[in-house]
Protein chains: 2
Amino acid sequence: MNAQSATRKTFRREGEDKRREDLIAATLECVAERGLAGATVREIAQRADVTPGLIRYYFPTKDDLIGAAYRAVMNRMTVQASDALQNAADDPRSRLQAFVTANLGEPIMDPHNLSLWAGFIALVHADPAMASAHHDGYLGFRDELEILIREALRAAGKPAEHNHTRRHAIAINAIIDGLWLEGCLAGDIFDDGELAETGVAAIEAVLGISLQAEGGAQ
Amino acid sequence: MNAQSATRKTFRREGEDKRREDLIAATLECVAERGLAGATVREIAQRADVTPGLIRYYFPTKDDLIGAAYRAVMNRMTVQASDALQNAADDPRSRLQAFVTANLGEPIMDPHNLSLWAGFIALVHADPAMASAHHDGYLGFRDELEILIREALRAAGKPAEHNHTRRHAIAINAIIDGLWLEGCLAGDIFDDGELAETGVAAIEAVLGISLQAEGGAQ
DNA sequence: GCTCTAATTATGCAAGCGTATAAATACTCC
DNA sequence: GGAGTATTTATACGCTTGCATAATTAGAGC
């Protein structure tokens with residue numbers, strides 16, 4: 001009935017921010033489902049309901065889009081962990097516990113996040129720009145952790161000099177990362193909350209304090 | 001003088017084992033240098049001084065070659081860690097310490113290994129075959145670790161029931177993985193041996209024992 | 001030294017990739 | 001409501017990729 005051939009796709013103009021977010025979200029979907037190799041320009045565009053050319057309008061090159069997506073993932077995880085702190089009790093030990101538990105449970109401990117993370121990490125060695133992006137993210141996370149550790153130690157009446165807390169931050173960061181990895185890779189072989197419990201117990205042992213606020217909680 | 005155009009490449013026939021090893025080694029070089037994306041059939045072939053067609057003669061598909069390379073990396077790291085045990089003292093605590101130290105030093109803690117590992121891990125989620133390959137490797141590592149832990153606890157006169165050692169193995173595995181990660185990603189911001197020391201100290205705290213053999217060693 | 005075969009090379013193809021660029025269109029402002 | 005512009009689509013190009021297949025050749029066995 002309609003004799004006109006191949007009608008042109010209709011579209012709406014969106015704000016720059018919205019479009020960038022959508023494209024990044026579409027990229028993350030692709031990576032999560034089919035790995036970094038599955039995140040082609042065409043696939044991303046289709047997922048964002050947009051034609052491939054538009055990607056280049058917002059991101060000069062595909063690598064720029066990938067880099068932006070990486071930063072978005074890391075930022076999202078950081079924000080989610082920080083959110084857990086907002087709702088935590090006042091006692092520094094409880095706060096450290098909440099931080100650890102948040103990082104070792106949904107939605108942060110998720111296979112999708114691992115796929116994304118690993119895909120990007122594999123590029124770090126080859127791409128200097130991505131290397132520095134990662135470097136910053138790592139130190140930021142460890143610094144935040146070190147502050148929590150220092151305050152928890154003080155609350156427990158323990159010394160908290162920097163050379164101690166630095167070492168502790170390195171070790172505890174490793175515990176969190178390692179358990180996160182285990183959980184993402186094979187969450188099905190662990191009981192619910194087992195990894196968070198294990199992590200808290202290990203951290204208590206390393207610090208030599210209990211993370212349960214003493215003298216009864218609220 | 002020589003009018004024949006484009007002389008054909010001369011070659012030697014090699015044994016099947018040698019060729020497979022060479023191709024895997026070439027694959028690992030490519031991945032290490034330029035990431036998984038840089039490991040193209042042509043590049044691998046060139047690095048192995050062979051024409052691309054030969055790869056298909058030994059590996060039905062490129063994914064098979066990649067999978068074989070992954071298993072080779074994991075196997076190599078496992079062997080290197082086990083070697084350290086051969087040269088360790090008899091005391092189980094020393095052996096555990098040697099195991100940890102070996103995993104957190106050269107040549108296991110190397111950025112190249114991380115790139116390889118991460119590149120493969122990113123595929124785990126999408127490729128079931130690779131998922132099972134990884135699953136086996138992970139459990140193998142953790143089982144070996146659990147044995148070392150049990151014997152170290154016994155040597156220190158501590159209880160070592162399975163439900164305890166399982167938890168300890170999970171936590172200590174995380175410590176090793178996490179520190180390995182940190183070291184591979186940013187080895188330059190740590191002193192020599194700092195991560196191994198940190199790891200041993202953290203593990204001692206978790207187990208509640210010293211890993212230095214008591215009563216003076218040889 | 002000839003023969004036979006398995007190992008290796010050479011060539012080519014179809015598909016998918018990232019990117020460039022020109023044409024079309026939705027929205028803004030007057 | 002008409003003109004102008006920033007956004008979006010459409011199209012195409014040049015490359016690279018993995019894979020197939022036919023032609024060659026090194027080396028083993030007699």
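In what follows, chains are A, B, ... by sequence order, proteins preceding strands, each numbered from 1. These numbers were taken from a predicted model, which means no experiment stands behind them.
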Next on the checklist: With a 4.0 Å cut-off on N to O distance, would you call B:Arg20 and B:Glu16 a salt bridge?
Outcome noted: yes
To the nearest angstrom, the CG-C1' distance between A:Leu23 and D:dT8 comes to 12 Å
Requested in this report: Give a yes/no on whether any side-chain N or O of B:Tyr58 is located under 4.0 angstrom from OP1 or OP2 of C:dT8.
Outcome: yes
Between CD1 of A:Ile55 and P of C:dT19 the distance, given in whole Å, is 10 Å
Heavy-atom donor-acceptor pair, A:Glu194 side chain to A:Asp191 backbone, under 3.5 Å: yes
Notebook entry, point to check: Given D:dT7, is OP1 or OP2 found less than 4.0 Å from the side-chain N or O atoms of A:Arg19?
Noted result: no
Separation of D:dT11 atom P from A:Arg56 atom CZ, nearest Å, is 19 Å
Assert: residue with more 5' nearest nucleotide on DNA chain D, out of B:Lys9 and B:Thr61, is B:Thr61
Strictly below 4.0 Å, N to O, side chains only: are A:Glu29 and A:Arg34 in salt-bridge contact? no
- Message: Can you see if the side chain of B:Thr40 gets near the phosphate of D:dT16 - specifically, an N or O under 4.0 Å from OP1 or OP2?
- Response: no
note: A:Phe11, atom CZ; D:dT9, atom P; distance rounded to Å ~ 6 Å
A:Phe59 CZ to D:dT8 C1', in whole Å, measures 16 Å
note: B:Leu65, atom CG; D:dT17, atom P; distance rounded to Å ~ 15 Å
### Message
Any side-chain N or O of B:Thr51 below 4.0 angstrom from OP1/OP2 of C:dA10?
### Response
no
query = Is a donor-acceptor contact shorter than 3.5 angstrom present between the side chain of A:Arg42 and the base of C:dG18?
reply = yes
Taking only side-chain N and O atoms of B:Thr10, does any of them lie within less than 4.0 angstrom of OP1 or OP2 on D:dA26? no
Check the pair B:Trp180 / B:Leu104 against side-chain contact (heavy atoms from CB on, under 4.5 Å), numbers first and verdict last.
CA-CA 6 Å; B:Trp180 177 78; B:Leu104 296 180; 4.1 Å; yes
Note to self: If you go through the side-chain atoms of A:Arg8, does one of them form a donor-acceptor pair with the base of D:dT9 closer than 3.5 Å?
What the structure shows: yes
With a sphere of 6.0 Å drawn around NE2 of B:His112, does it hold more than 12 non-hydrogen atoms of other residues, nucleotides or ligands? yes
Separation of D:dT16 atom C1' from B:Lys62 atom NZ, nearest Å, is 11 Å
Note: for B:Pro60 and B:Arg13 on DNA chain D, the residue whose nearest nucleotide lies more 5' is B:Pro60
Exercise. Is the phosphate of D:dT7, meaning OP1 or OP2, less than 4.0 Å from a side-chain N or O of A:Tyr57?
Worked result: yes
*Remember a base hit wins even if backbone is also touched, and classify B:Glu14 as base, sugar-phosphate or nothing at under 4.0 Å, heavy atoms.*
sugar-phosphate
Taken to the nearest whole Å, CD/B:Glu43 to P/D:dC15 is 18 Å
Task: A:Arg12 side chain near D:dT8 phosphate (N/O to OP1/OP2, under 4.0 Å) - done: no
